[in-house]
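This report refers to the structure that appears directly beneath it.
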Amino acid sequence: MTGTSSAGISGPAAVPRHTRPVNRWTVLIVLCVSLLLVALDATVLHVAVPAVSEDLRPGAIALLWIVDAYPLVAASLLILFGTLGDRVGRRRILLLGYTIFAAASAVAAFAPDPRVLIAARALLGVGGAMIMPATLSILRQVFPDRRERAVAIGVWSAVAAVGAAVGPVLGGFLVEHFWWGSVFLINIPLMAVILPVARWLLPESRGELDGPWDVLGAVMAALGILGAILGVKRIGGGAAPYEPSALVPLLVGLVLLVLFVRRQRRREHPLIDIGMFVRPAFGTSVGCIVLALLALVGLELIAVQYLQLVLGLSPLQTGLRLLPLTLAAMGAGLLGSRMLGSFGPRAMVSSGFVLTACAVLVLTLMGQHDRPGVLTAGFVLLGFGLETTLFGAYESMLSDAPAEQAGGAAAIGETSYQLGAGLGIALLGSVMNAAYAPGVARVPGVPADAGASAGKSLGEAYEVSDHLGGSAGASLRHAARHAFVHGMHITLVVSAGLLLLGAVAALRLPRRMECGTAAQRPAVPGIPSPREHALAGADVSR
């Protein structure tokens, strides 16, 4: 992930650390494994949330931070570390990210209280912000031909779906057989393997070094994104918009982002070329990514709570129930390049949004009793629709950006991905809480303070009902289950509305996939270009 001047590889700064030829498909494998680790950590904790709640006893806000600290910190630092990679080397930042990720995983696994776990998750976000920029920006550099790049993005997105699929299942297995901290320990052996492999296989590359690195701009972007999302999280946690805890960070964040945009427009060598957003395909693709992730992550968190707390499934059973969603996403990723060539970006992204909205509405048929067929059908449609949308949006965003601005495009794409994930938890979580809490506020026979405590979450309502016992406890438990299902239905309808807005917005994308001439020189030193790859035949490609 790089600034606008990063696409060019020239001069001494661009000389790789090693010069042996490396096949670009081999590089793609390394990048995909790196992405797998980050995607795995983004979902592996979801099925462990009830176990974390029972062991560490976090409050409702602390529990949201435990889940949300990782994507929010990662989102705020992507631009900073992406542009820093241009200066000191992308591989160097990637390897440092591996190290930090492994260390933070060890701290998270043995966290004694919610504060330590939140801090460890934030540190995981720092490592993720170093790792994620490399996967997309290097992919764009290594695959200059759009047709090959579409195939590579399909593999890349399918691997992300694999991580999302394996995360809940693996997390459920570990929670059932060990303890919740084991979901973090799996990162350490994986990092121990990928770090030396990446150091050996990946060539070092840097962007053009014209002009100074805008340190102040990078800090402004990081604090602006963090402040804006923090304000949204406070409001989502129940704070009124005018309360200082919500209003101050929100206003500070928005002001910093406005100042950042003005600063980038004035600078000769900006971190991010703001002019890219004027391009209809680029700006629309970024908005589609945010909307798609907003729906996916928020709904997945609610779905996990529904499966475990309403249907009473174990963590492993929960992970298996989520498997159809991510398997369908894998299929959409692998078919993405063919669909894009046949239908074009506009039809692909719009239809993906519509299909996802239909899937969300199908899930409103779920109630307090298990309906496996409906759930599986909804998850299959949801996974295929969302991955179709994300594939088309990512490919259009990267291809619409000029080659010399590929790094800046990757930075914006990954930031929008994490921004959408964070906003999804905050926004849909806020809708869910607003619809759920009134249903347990005044239950006959339940004291007002007990009803207020039960209104924080369904898990806490169960604890309060167990403490009350008798008919009052039974009434509270029944009311809480009913209120949760009602809140879930409201949240699903809101999500469907947002997805349909995304379908309308996607109509600004190009009708057809325009393929230019493939680059005739390597995008990165040591990586054969498409022409060299074809001429070399089996000696290079096999």
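When all heavy atoms of Ala221 and Leu257 are compared, the pair lying nearest together is O-CD2, 4.2 Å. Cys288 approaches Ala393 most closely through the heavy-atom pair CB-CB, 4.1 Å. Here the shortest heavy-atom pairing between Met366 and Met488 reads O-CE, 4.1 Å. For the pair Gly181 and Ala109, the tightest heavy-atom approach, listed with the atom from each and the gap, is O-CB, 3.2 Å.
Using a 4.5 Å heavy-atom threshold, the side chains of Val107 and Leu123 count as separate. Annotation: side chain of Phe384 is not in contact with side chain of Thr389 (no heavy-atom distance under 4.5 Å). Using a 4.5 Å heavy-atom threshold, the side chains of Asp113 and Val116 count as touching. The side-chain heavy atoms of Val73 and Leu77, taken from C-beta on, include a pair separated by under 4.5 Å. At least one side-chain heavy atom of Leu185 sits less than 4.5 Å from a side-chain heavy atom of Phe110.
Of the possible polar contacts, none joining the Ser495 side chain to the Leu492 backbone as a donor-acceptor pair under 3.5 Å is found. Counting only distance, with no hydrogens or angles, the side chain of Thr364 and the backbone of Val360 share no donor-acceptor pair below 3.5 Å. With hydrogens and angles disregarded, a donor-acceptor distance shorter than 3.5 Å links the side chain of Thr356 to the backbone of Leu386. Between the side chain of Arg121 and the backbone N or O of Ile66, at least one donor-acceptor pair lies under 3.5 Å.
Partners of Arg481 by salt bridge (charged side-chain N to carboxylate O under 4.0 Å, His left out), not counting sequence neighbours: none found. In this structure Phe353 satisfies the ring-ring contact (aromatic ring centres under 6.0 Å, His included) test with no other residue, sequence neighbours excluded.
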side-chain contact (heavy atoms from CB on, under 4.5 Å) for Tyr306 and Leu313? Distances and angles first, verdict last. CA-CA 9 Å; Tyr306 169 76; Leu313 302 181; over 6 Å; no

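Because its NZ or CZ atom is not both nearer than 6.0 Å to the ring centre of Phe379 and within 45° of the ring axis, Arg321 does not count as a cation-pi partner of that residue.
With rounding to the nearest 0.5 angstrom, the OH atom of Tyr394 is 12.5 Å from the OG atom of Ser396. Summarising the geometry, atom CG belonging to Leu96 is positioned 4.0 Å from atom CE belonging to Met130; distances are rounded to the nearest 0.5 Å.
For the side chain to side chain contact (heavy atoms under 4.5 Å, CB included) test with Leu458, the passing option among Leu309, Val440, Val485 is Leu309; the others fail. Of the residues listed (Ile194, Leu195, Ile188), the one engaging Met191 in a side chain to side chain contact (heavy atoms under 4.5 Å, CB included) is Ile194, and it is the only one.
Remark: Arg267 CZ is packed, more than 12 non-hydrogen atoms of other residues, nucleotides or ligands lying under 6.0 Å away.
By the 30° and 60° cut-offs, the orientation of the rings of Phe484 relative to Tyr436 is perpendicular.
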